[in-house]
S.K.: 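Here's a structure for you.
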Amino acid sequence: MNYYNLTDKAIVNEIGERLKTARINRNMSQDTLAAKSGISLRTLQNIESGNTSSKISNIIAIMRTLEMLDQLDNFIPTQLVSPIALAEMKGKQRQRASKQKKTAKQDESEW
């Protein structure tokens, strides 16, 4: 699936559907999953229906209860530092992103 062609809402819907399918595959009711995850039934229903107001911590709680946390590596793989960048930093780990450098064209005002 090419997620770049989907809207944010469509991706949220897809996550909700996948969590719902995982719950059903484990033969677990919404009530049971909500209680074991420590979230309200309404929150679970919102997540499964693709409501975008859900917190990521609620999704993590559901994934923990469904024993799916190992899927986080697939969700957001560990980002490795390139050997060249590591050598340039002399082994130090980056702490923040750098600002975008302005080009001469960006400095000029349109007035």
S.K.: Out of curiosity, does Leu41 fall in the hydrophobic cluster containing Leu33 (side-chain heavy atoms, cut-off under 4.5 Å, transitive links)?
M.R.: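 No; Leu41 is not reachable from Leu33 via cluster members.
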S.K.: Rounded to the nearest 0.5 Å, what separates atom CZ in Arg18 from atom CE in Met68?
M.R.: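 Separation between the atoms: 9.0 Å.
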S.K.: Is there a path of hydrophobic side-chain contacts, each under 4.5 Å between heavy atoms of I/L/V/M/F/W/Y residues, joining Ile39 to Leu69?
M.R.: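 In one cluster: yes.
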S.K.: Is the number of heavy atoms from other residues, nucleotides or ligands within 6.0 Å of CG (Asn27) greater than 12?
M.R.: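 Counting other residues, nucleotides and ligands, CG of Asn27 stays at 12 neighbours or fewer.
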S.K.: Checking side chain to side chain contact (heavy atoms under 4.5 Å, CB included) between Ser37 and each of Ile47, Ile62, Leu66, which is the one that passes?
M.R.: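 Running side chain to side chain contact (heavy atoms under 4.5 Å, CB included) over Ile47, Ile62, Leu66 with Ser37 returns exactly one hit, Ile62.
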S.K.: Please indicate whether Arg64 has more than 12 foreign heavy atoms, meaning atoms of other residues, nucleotides or ligands, lying under 6.0 Å from its CZ.
M.R.: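 It does not: Arg64 CZ has 12 such atoms or fewer within range.
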S.K.: Nearest 0.5 angstrom please: Ile60 CD1 to Thr65 OG1, how far?
M.R.: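 Separation between the atoms: 12.0 Å.
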S.K.: Salt bridge check: are Arg23 and Glu48 linked by an N-O gap of less than 4.0 Å?
M.R.: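 Yes, Arg23 and Glu48 are salt-bridged.
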S.K.: Quick check: is Leu72 connected to Ile11 through a chain of hydrophobic side chains (ILVMFWY, heavy atoms under 4.5 Å apart)?
M.R.: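 Yes; tracing contacts between hydrophobic side chains, which count when under 4.5 Å, links both residues.
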S.K.: For Leu44 versus Gln30, what's the shortest heavy-atom pair and its separation?
M.R.: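 Taking every non-hydrogen atom into account, CD2-O, 3.2 Å.
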S.K.: Between the side chain of Thr21 and the main-chain N/O of Glu17, is any donor-acceptor distance below 3.5 Å?
M.R.: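 It does hold such a pair.
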S.K.: State, with a plain yes or no, whether a side-chain heavy atom of Asn51 is found less than 4.5 Å away from one of Gln45.
M.R.: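 A side-chain contact under 4.5 Å is absent here.
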